[in-house]
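First the structure, in the form of structure tokens, and then the observations on it.
Lettering follows sequence order; numbering is per chain, from 1. Note: hydrogens, waters and symmetry copies are ignored here, and every other heavy atom, side chains too, is used. Being a predicted model, the structure only gives us computed values, none of them experimental.
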Amino acid sequence: MTNQPIDRFKSQVLLILSEIPKGECIAYGELAKLAGFPGYARQVGQLMKNLPKDTKLPWHRVVNAQRRISFAENTDGYLRQKERLEQEGWLIVGTRLTNHTPPSRQKPEQSQ
DNA sequence: TAAGCGGCGGTTC
DNA sequence: AGAACCGCCGCTT
């Protein structure tokens, strides 16, 4: 339409997103960069928000650069994303993602 | 037209 | 490690 670059941005992002393997996650900025639009992290988030609820795209695999779910904990969006991520093997503590059991306050210090 | 707001990110304190 | 700040860029008011 009138917004060709923007439309392309969406297409690219959604394409890359659909290629994200199960059990893996990517940051908004990372996704934007891979799509060819570095700096468009927020737009990716906006795009995710605008995705239809019945989309089969792995929107839940998109988290922020801090490896955290960008929704507030009490929101339904957070709960949905958490559910889906846990379903793919992720262990989630609060908004934080961990691949396996979190190191119960195990501090590196001189360990090794 | 201007101002504010995000499913953000990187740096700094 | 966590909170605060600023920079970013399109969308909504």
Q: Tell me the partner of C/dA3, counting only Watson-Crick (N1-N3 plus N6-O4 or O6-N4) or G-U wobble (N1-O2 and O6-N3) with both under 3.5 Å; none if nothing fits.
A: B/dT12
Q.
Show the nearest heavy-atom pair for residues A/Glu88 and A/Arg61, with the distance to one decimal.
A. OE2-NH2, 2.8 Å
Q: Provide the Watson-Crick or G-U wobble partner of B/dG7, both distances under 3.5 Å; none if there is no partner.
A: none
Q: Calculate the interatomic distance between A/Gln43 atom CD and C/dT12 atom P; express it in whole Å.
A: 11 Å
(Q) Tell me whether A/Ser18 contacts the main-chain N or O of A/Leu57 through its side chain, where contact means a donor paired with an acceptor under 3.5 Å. (A) no
Q: Send over the distance from A/Trp59 CH2 to B/dC8 C1', rounded to a whole Å.
A: 17 Å
Q: Would you check, one step at a time, whether the test side-chain contact (heavy atoms from CB on, under 4.5 Å) holds for A/Val63 with A/Thr95?
A: CA-CA 10 Å; A/Val63 296; A/Thr95 57; over 6 Å; no
(Q) So A/Gly29, base contact, sugar-phosphate only, or nothing? Heavy-atom distance under 4.0 Å. (A) sugar-phosphate
Q: For A/Gly39 and for A/Arg68, locate the closest nucleotide of DNA chain C by heavy-atom distance; then report the residue assigned to the nucleotide nearer the 5' terminus.
A: A/Arg68
Q. How long is the line joining CG of A/Leu51 and C1' of B/dG6, in whole Å?
A. 15 Å
Q: Figure out the CZ/P separation between A/Phe37 and C/dC8, and round it to whole Å.
A: 18 Å
Q: For A/Asp76 and B/dG7, give me the distance from atom CG to atom C1', rounded to whole Å.
A: 12 Å
Q | Of A/Lys33 and A/Tyr28, the one whose closest DNA chain B nucleotide lies more 5' | A | A/Tyr28
Q: Check every strand shown and say whether A/Tyr40 touches a base, only sugar-phosphate, or nothing at a heavy-atom separation below 4.0 Å.
A: sugar-phosphate
Q.
Hydrophobic cluster membership, with links at side-chain heavy-atom distances under 4.5 Å among I/L/V/M/F/W/Y: are A/Leu15 and A/Leu47 in one?
A. no
Q: Answer with base, sugar-phosphate or nothing: what part of the nucleic acid does A/Val62 contact at a heavy-atom distance below 4.0 Å?
A: base
(Q) Rounded to whole Å, please give me the gap between CD in A/Gln66 and C1' in B/dT12. (A) 14 Å
(Q) Considering every strand and a 4.0 Å limit on heavy-atom distances, what is the contact class for A/Ala32: base, sugar-phosphate, or nothing? (A) nothing
Q: Would you mind listing every ring pair (Phe, Tyr, Trp, His ring centres under 6.0 Å) that reaches into residues 18-67 of chain A, with sequence neighbours excluded?
A: A/Phe9-A/Phe37, A/Phe9-A/Tyr40, A/Phe37-A/Tyr40
Q: Grab the CD-P distance between A/Glu73 and B/dG7 for me, whole Å please.
A: 16 Å
Q) Which residue lies toward the 5' end of DNA chain C, A/Arg42 or A/Gln46, if each is placed at its nearest nucleotide? A) A/Arg42
**Q.** Whole-Å gap separating C1' (C/dC11) and CZ (A/Phe9)
**A.** 12 Å
